[in-house]
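Some notes on the structure that comes next.
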Amino acid sequence: MPTTVEALLRLQSWLSPAFPIGAFSYSHGLETAVDRGHVRDASDLRVWLEGVLRFGAGRTDAWFLVEARQAAVDGDDARLFDVAELASALPGAAELSLETRAQGAAFLGTVRAVWPDPGLGKLEALRAPVTLPVAVGVTGGAHGLAPDPLVALYLNAFVANLVSAGVRLIPLGQTDGQRVVAALEPVVVEAANRALGREDTTPGSATPMIDICAMRHETQYTRLFRS
C-alpha cells in the first residue's frame with residue numbers, strides 16, 4: 001500500500017507532542033526509576049529506554065500496531081478483536097494499563113472527530129478494548145498508511161515522549177535529551193523491523209523492573225506523572 005504525502009502529514013500530526021492524548025502526563029514508570037536512583041543521567045536513560053524498546057512495551061506495541069492494522073485492512077474482525085483484547089490484557093501494572101487505554105481512547109476520539117472514516121468505528125462495533133497501538137494501527141490502515149512508516153514513527157514518538165519525561169525528571173538539558181533520541185534510532189529501526197517481519201507469533205515482554213516501578217509509582221508520595 002503506497003503512502004501519500006497527505007497521509008504522512010496526518011501521521012505527523014497524530015504523533016506530534018501537541019496531539020491531545022495527554023502523552024506528556026505519563027512516564028511509563030520512569031518517574032519512580034529516577035526517584036529510586038535507577039536512572040541518574042543521560043547514559044542511564046538511554047539504557048533504560050533501550051530495554052523498553054527491545055524487551056518491553058516498545059516491542060509489544062509494535063507487534064500490536066502491525067497486527068491491528070493488517071487485520072483492519074483485511075477485514076478480519078475476529079483477528080482484530082483478539083489483538084485488541086491481548087493488547088489490553090498484557091500491561092503488567094494498573095498505571096501502565098491506564099496509560100495505553102486512556103491515550104488510545106483519546107487518540108481514536110480525536111481522529112474520528114477531525115479525520116472521520118467509516119473504518120474507525122470498527123473497534124466500537126466489535127466492542128473491543130482500545131489501546132494506543134491498536135488505535136494507531138486501525139487508524140493507519142483506514143487512512144492508507146503503509147506499515148513501515150507507521151510503526152517506525154510510532155516507536156520514535158514513544159521514545160521522544162519518554163525522553164521528554166527524563167529531561168524534566170533527572171533533569172537533563174534539551175541537547176542531552178536529543179542525543180539520547182539519536183542514539184536510540186538504530187534500536188527503533190530494529191524494533192520496527194522485527195514487528196514488520198512478524199518474527200514473533202505472539203508478543204511478550206520481559207521488563208519486570210519497569211512493572212515494579214509502575215506499581216510503586218501508585219503509592220509514591222510526590223509525583224508529576226500519571227504512570
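Counting begins at 1 with the first residue of the sequence. The figures that follow rest on heavy atoms only: side chains count, while hydrogens, waters and symmetry mates do not.
- Between Pro203 and Leu86 there is a side-chain heavy-atom pair separated by less than 4.5 Å.
- The hydrophobic cluster containing Leu9 also includes Val5, under a criterion of side-chain heavy atoms closer than 4.5 Å among ILVMFWY residues, counted directly or through chains of members.
- In this structure, the separation between CZ on Arg216 and CG on Asp211 is 12.0 Å, given to the nearest 0.5 Å.
- Salt-bridge check for Arg79 with Asp82: failed, with every basic side-chain N at 4.0 Å or more from each acidic carboxylate O.
- Within the 4.5 Å cutoff, side-chain heavy atoms of Pro91 are placed close to those of Thr100.
- Residues Leu11 and Pro149 come closest through the heavy atom pair CD2-O, 3.8 Å.
- In terms of hydrophobic clustering, with Ile, Leu, Val, Met, Phe, Trp and Tyr side chains grouped at heavy-atom distances under 4.5 Å, Val189 and Leu150 are assigned to different clusters.
- With Asp74 contributing its side chain and Asp76 its backbone, the two residues share no donor-acceptor pair below 3.5 Å.
- Side-chain atoms of Ser205 do not come within 3.5 Å of backbone N or O of Thr207 as any donor-acceptor pair.
- Around atom CD of Glu124, no more than 12 heavy atoms belonging to other residues, nucleotides or ligands sit under 6.0 Å away.
- If you take OG1 on Thr32 and CD on Gln220, they are separated by 4.0 Å, rounding to the nearest 0.5 Å.
- Looking at heavy atoms from C-beta onward, Phe19 lies in side-chain contact with Val111 at the 4.5 angstrom threshold.
- Using a distance-only test at 3.5 Å, with no hydrogens or angles considered, a donor-acceptor pair links the side chain of Ser25 to the main chain of Gly22.
- Arg69 places a side-chain N or O within 3.5 Å of a backbone atom of Leu145 that can act as its donor or acceptor partner.
- Within a 6.0 Å radius of CD in Glu218, more than 12 heavy atoms belonging to other residues, nucleotides or ligands are found.
- Side-chain atoms of Asn161 come within 3.5 Å of backbone N or O of Ala23 as a donor-acceptor pair.
- Note on Glu95 versus Arg223: salt bridge recorded, some NZ/NE/NH1/NH2 to OD/OE distance being below 4.0 Å.
- In this structure, the side chains of Leu132 and Tyr154 come closer than 4.5 Å at one or more pairs of heavy atoms.
- Side chain of Asp44 to main chain of Arg40: a donor-acceptor pair is present (N/O by atom type, distance under 3.5 Å, no hydrogens or angles).
- Between Gly119 and Val138 the shortest heavy-atom distance is O-CG1, 3.9 Å.
- Salt bridge annotation for Glu50-Arg54: present, with a cationic side-chain nitrogen under 4.0 angstrom from a carboxylate oxygen.
- Side chain of Gln103 to main chain of Glu99: a donor-acceptor pair is present (N/O by atom type, distance under 3.5 Å, no hydrogens or angles).
- Side-chain contact between Glu190 and Leu53 is absent, with no heavy atoms from C-beta onward closer than 4.5 Å.
- Between Leu184 and Arg46, the shortest heavy-atom distance links the atoms CD2-O, 3.8 Å.
- When all heavy atoms of Val188 and Asn156 are compared, the pair lying nearest together is CG1-N, 4.1 Å.
- The CG atom of Leu153 lies 12.0 Å from the OG atom of Ser16; values are rounded to the nearest 0.5 Å.
- Here His28 and Phe158 bring their ring centres to under 6.0 angstrom of each other.
- Contact annotation: the side chain of Phe24 never approaches that of Arg226 to less than 4.5 Å [non-hydrogen atoms, C-beta and beyond].
- Linking Ile, Leu, Val, Met, Phe, Trp and Tyr residues whenever their side-chain heavy atoms come within less than 4.5 Å leaves Leu162 and Leu98 in two separate clusters.
- Hydrophobic clustering, with ILVMFWY side chains joined whenever heavy atoms are under 4.5 angstrom apart, groups Leu126 together with Val136.
- Between His38 and Trp48, the angle of the ring planes stays under 30°, which puts this pair in the parallel group of the 30/60° scheme.
- Side-chain atoms of Ser164 never come within 3.5 Å of backbone atoms of Ala160 as a donor-acceptor pair (strictly under, hydrogens ignored).
- Expressed to the nearest 0.5 Å, how far NE2 of His143 lies from OG1 of Thr4 amounts to 11.0 Å.
- Ala157 approaches Leu15 most closely through the heavy-atom pair CB-O, 3.7 Å.
- You'll find the side chain of Phe225 stays beyond 4.5 Å of the side chain of Tyr26, heavy atoms only.
- Looking at Leu30 and Leu45, their side chains come closer than 4.5 Å, going by heavy atoms from C-beta outward.
- Hydrophobic clustering of Ile, Leu, Val, Met, Phe, Trp and Tyr side chains at less than 4.5 Å, counting indirect connections, keeps Val52 apart from Phe55.
- Atom-to-atom distance recorded for Leu172:CG and Asp41:CG is 7.5 Å, nearest 0.5 angstrom.
- Checked by atom type and distance alone, the side chain of Glu31 pairs as donor or acceptor with a backbone atom of Leu224 at under 3.5 Å.
- Contact record, Val134 with Phe64: CG2-CB, 4.3 Å, taken as the closest heavy-atom pair.
- Asp35 pairs by the side-chain hydrogen bond (donor to acceptor under 3.5 Å, both in side chains) definition with nothing, not counting sequence neighbours.
- Linking Ile, Leu, Val, Met, Phe, Trp and Tyr whenever their side-chain heavy atoms come within less than 4.5 Å puts Phe81 and Val83 in one cluster.
- Of the N and O atoms on the side chains of Arg101 and Ser88, at least one donor lies less than 3.5 Å from an acceptor on the other residue.
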